[in-house]
Novice: 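Before anything else, here's the structure in question.
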Number of protein chains: 2
Amino acid sequence: MTGDAIRAALVRRLRLTSNISEDDIKEIEALPISVRQFPAEMPVVRDGERATDCCLIADGFCVRSKTIANGKRQILSIHIPGEIPDLMSLFLHVMDHELSTLTPSTLGFISHETLQKLHRRAPNIAEMFWRDTLIDAAMFREWIVNVGQRPAPSRLAHVMIELRERLRIIGRVDGDHFEMPMTQEQIGEALGITAVHANRVIKQLRQEGILEFHRGRVTVLDERKFLELADFDDRYLHQSPTL
Amino acid sequence: MTGDAIRAALVRRLRLTSNISEDDIKEIEALPISVRQFPAEMPVVRDGERATDCCLIADGFCVRSKTIANGKRQILSIHIPGEIPDLMSLFLHVMDHELSTLTPSTLGFISHETLQKLHRRAPNIAEMFWRDTLIDAAMFREWIVNVGQRPAPSRLAHVMIELRERLRIIGRVDGDHFEMPMTQEQIGEALGITAVHANRVIKQLRQEGILEFHRGRVTVLDERKFLELADFDDRYLHQSPTL
DNA sequence: GCCGGGTTCCAACAAAAGTTAAGGACGCGG
DNA sequence: CCGCGTCCTTAACTTTTGTTGGAACCCGGC
């Protein structure tokens with residue numbers, strides 16, 4: 001995959017997500033991007049590292065996570081193509097968490113310097129990116145609520161629906177199923193439960209005929225029960241730029 | 001308290017937290033602010049509401065929270081004087097969570113319009129505020145880890161130490177004690193546990209001689225054990241603007 | 001000084017989640 | 001086609017946390 005394809009993925013998401021002008025699109029299409037391939041389960045930017053570039057996902061799934069002293073890991077967010085998962089590093093230079101791949105991924109890198117110049121030149125783009133990082137924060141808030149207040153089956157359903165709604169925007173939901181390429185260990189790390197318990201929860205949702213989960217693919221069998229369980233309100237995704 | 005005192009509180013925090021120039025300070029000191037008093041436990045901005053101003057805490061403690069369908073509430077962050085807890089509303093106009101007071105508070109309001117104009121005029125200030133919202137997001141990430149991975153006693157110690165470190169910046173830690181004006185119910189909502197369990201945890205930390213907690217005042221009795229329990233690393237607060 | 005309401009505190013029991021251990025399925029590389 | 005490793009699955013047991021309900025406490029207002 002080339003730099004052009006990556007820029008196209010970014011522009012596509014920005015068109016759907018913000019009121020971007022044609023001039024601004026030209027600016028973004030002129031951005032120098034260096035492309036690199038990563039295998040599955042590979043750190044992209046490590047906790048404590050000093051980032052000099054922002055990373056754009058062209059293809060593949062990534063996660064942000066933090067590991068605490070006792071070795072336990074918490075997954076903070078799941079990222080899909082078109083997203084810039086470490087835009088925050090532009091002003092928070094030393095990473096307070098890790099970014100790593102879930103699947104083999106194609107990533108584009110844009111230097112902080114380039115982006116900073118762009119912001120001074122095109123404040124509209126700066127605001128659009130700022131807004132992007134604010135939506136990120138809104139997703140963290142909902143993640144706190146999920147882990148803090150919902151029972152485990154609801155947590156799983158909620159994370160799944162959030163992922164599905166975001167995949168839908170980039171046209172990657174196919175009928176009643178979508179990709180969620182995570183092991184049960186990783187699902188546990190996302191929900192704040194152990195892998196054994198994650199397995200129990202999946203088993204329960206299967207037995208209740210709500211969904212099927214097999215090798216990283218979710219198939220929703222009972223949409224009504226699924227939605228009810230998830231307690232999902234998409235307001236926090238702030239998808240409409242006009243509001 | 002007057003608008004001047006509020007501007008002073010903001011400028012004081014910004015001086016300690018960022019590389020702000022004297023010109024920029026003048027800009028901020030010229031900001032029109034309207035002041036209002038709020039009683040304890042009062043919503044300031046409600047979930048779903050359309051915000052038109054940003055709110056600056058001059059005096060008092062506030063929290064951000066979300067309430068889910070079953071009525072359970074999760075506290076997302078605690079805010080202290082000098083902070084702008086809803087800066088994000090500048091670009092995310094409809095609130096996805098609630099901001100409310102913990103104690104009687106004096107709040108200043110700056111209109112979105114004023115701030116937006118200021119940003120175009122002074123991009124340095126815009127970047128400083130952007131950075132502020134990014135630190136906010138970093139604190140949410142740590143809060144996710146706290147609620148998702150740490151045992152309840154550590155969760156409590158961690159939230160306490162975060163609060164203490166931030167109070168220290170504004171000179172409100174007095175020897176071995178500091179203010180944390182929350183009921184056990186509210187502490188439970190912050191940690192993702194019930195009030196009964198919050199009480200059990202506090203009792204345990206008391207019995208172990210680690211701390212005393214009485215009527216919203218924390219007194220640390222065994223700093224070593226307290227730090228060890230909290231698993232606290234202040235990196236995520238990004239207090240040094242030069243890094 | 002004495003209510004009254006909100007905290008705090010606690011006990012007993014129930015439910016959810018963690019731990020440990022072990023067998024089975026499945027895909028990949030030789 | 002076999003063997004190996006990873007992931008999934010389950011069971012039995014322990015620990016943590018939630019639930020319910022009630023008593024003690026404490027402060028502010030009358």
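FYI, side chains are in, hydrogens and waters are out, and symmetry mates aren't considered; it's all heavy atoms of this structure. Everything numeric here is computed off the predicted structure, so don't read it as measured data. Each chain gets a letter, A, B and so on, in the order its sequence line appears, and its residues count up from 1.
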Novice: Would you indicate whether the side-chain heavy atoms of Asp132(B) and Arg13(B) approach each other to under 4.5 Å?
Specialist: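 Yes. Closest side-chain heavy atoms under 4.5 Å.
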Novice: Extract, from 5' to 3' on DNA chain C, the first and final nucleotides lying under 4.0 angstrom from some heavy atom of chain B.
Specialist: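 Answer, 5' to 3': dT7(C) to dA12(C).
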Novice: Determine the contact category for Ala195(A): base if any of its heavy atoms lies under 4.0 Å from a base atom, sugar-phosphate if only primed atoms, P, OP1 or OP2 are that close, otherwise nothing.
Specialist: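 The residue Ala195(A) makes no contact with any strand.
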Novice: Less than 4.0 angstrom from a charged side-chain N to a carboxylate O is my criterion; do Arg172(A) and Asp59(A) meet it?
Specialist: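 Looking at Arg172(A) and Asp59(A), the cut-off is met.
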Novice: Round to a whole Å and report the spacing from CD of Glu185(A) to C1' of dT9(D).
Specialist: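 Answer to the nearest Å: 14 Å.
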Novice: Please report the interatomic distance CZ(Arg166(B)) to OG1(Thr17(B)), rounded to the nearest 0.5 Å.
Specialist: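 Reported value, rounded in 0.5 Å steps: 10.5 Å.
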Novice: Hey, does Gly192(B) reach any base, or is it just sugar-phosphate, or nothing, if we go heavy atoms under 4.0 Å?
Specialist: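 Sugar-phosphate only.
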Novice: Give the rounded distance in Å between these two atoms: CD of Glu212(A) and P of dC8(D).
Specialist: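 From Glu212(A) CD to dC8(D) P: 12 Å.
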Novice: Round to a whole Å and report the spacing from CD of Gln207(A) to P of dT9(D).
Specialist: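 Gln207(A) atom CD is separated from dT9(D) atom P by 11 Å.
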Novice: Would you say Asn199(A) reaches dC8(D)'s phosphate, i.e. side-chain N/O to OP1/OP2 under 4.0 Å?
Specialist: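 Answer is no, no contact under 4.0 Å.
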Novice: Once you round to the nearest 0.5 Å, how far does CD of Glu142(A) lie from CG of Leu76(B)?
Specialist: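 Taking CD in Glu142(A) and CG in Leu76(B), the distance rounds to 9.0 Å.
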Novice: Check whether more than 12 heavy atoms from other residues, nucleotides or ligands sit under 6.0 Å from atom CZ of Arg235(B), and answer yes or no.
Specialist: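 Buried by this count: over 12 neighbours within 6.0 Å.
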Novice: How does each nucleotide of nucleotides 19-30 of chain D score, in 5' to 3' order, for protein heavy atoms under 4.0 Å: base (B), sugar-phosphate only (S), or none (-)?
Specialist: BB------S---
Novice: Assess, by modelled atom type and distance only, whether the side chains of Arg217(A) and His214(A) contain a donor and an acceptor separated by less than 3.5 Å.
Specialist: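 There is no such pair (donor and acceptor under 3.5 Å, judged by atom type) between the side chains of Arg217(A) and His214(A).
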Novice: Look at the rings of Tyr236(B) and His158(B) and say which category their plane angle falls in: under 30° parallel, 30 to 60° tilted, over 60° perpendicular.
Specialist: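 Aromatic pair Tyr236(B)/His158(B) classed parallel.
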Novice: Let me confirm one number: the NZ-NE2 distance from Lys66(A) to His97(A), rounded to the nearest 0.5 Å.
Specialist: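 Those atoms lie 8.5 Å apart.
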Novice: Quick one: does Glu98(A)'s side chain have a donor or acceptor within less than 3.5 Å of a partner on Val45(A)'s backbone?
Specialist: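 Judged by distance alone, no pair lies under 3.5 Å.
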Novice: Over the length of the helix from dG1(C)-dC30(D) to dG30(C)-dC1(D), how much do the five-pair end axes diverge, rounded to 10 degrees?
Specialist: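 Here the helix ends are tilted 40° relative to one another.
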Novice: Heavy-atom count check: over 12 atoms from other residues, nucleotides or ligands less than 6.0 Å from Arg206(A) CZ?
Specialist: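 Yes - once you tally the heavy atoms of other residues, nucleotides and ligands closer than 6.0 Å, there are more than 12.
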Novice: Less than 4.5 Å apart, side chain to side chain, heavy atoms only: is that true for Leu156(A) and Ile193(A)?
Specialist: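 The answer is no, as the side chains (C-beta and beyond) never meet within the 4.5 Å cut-off.
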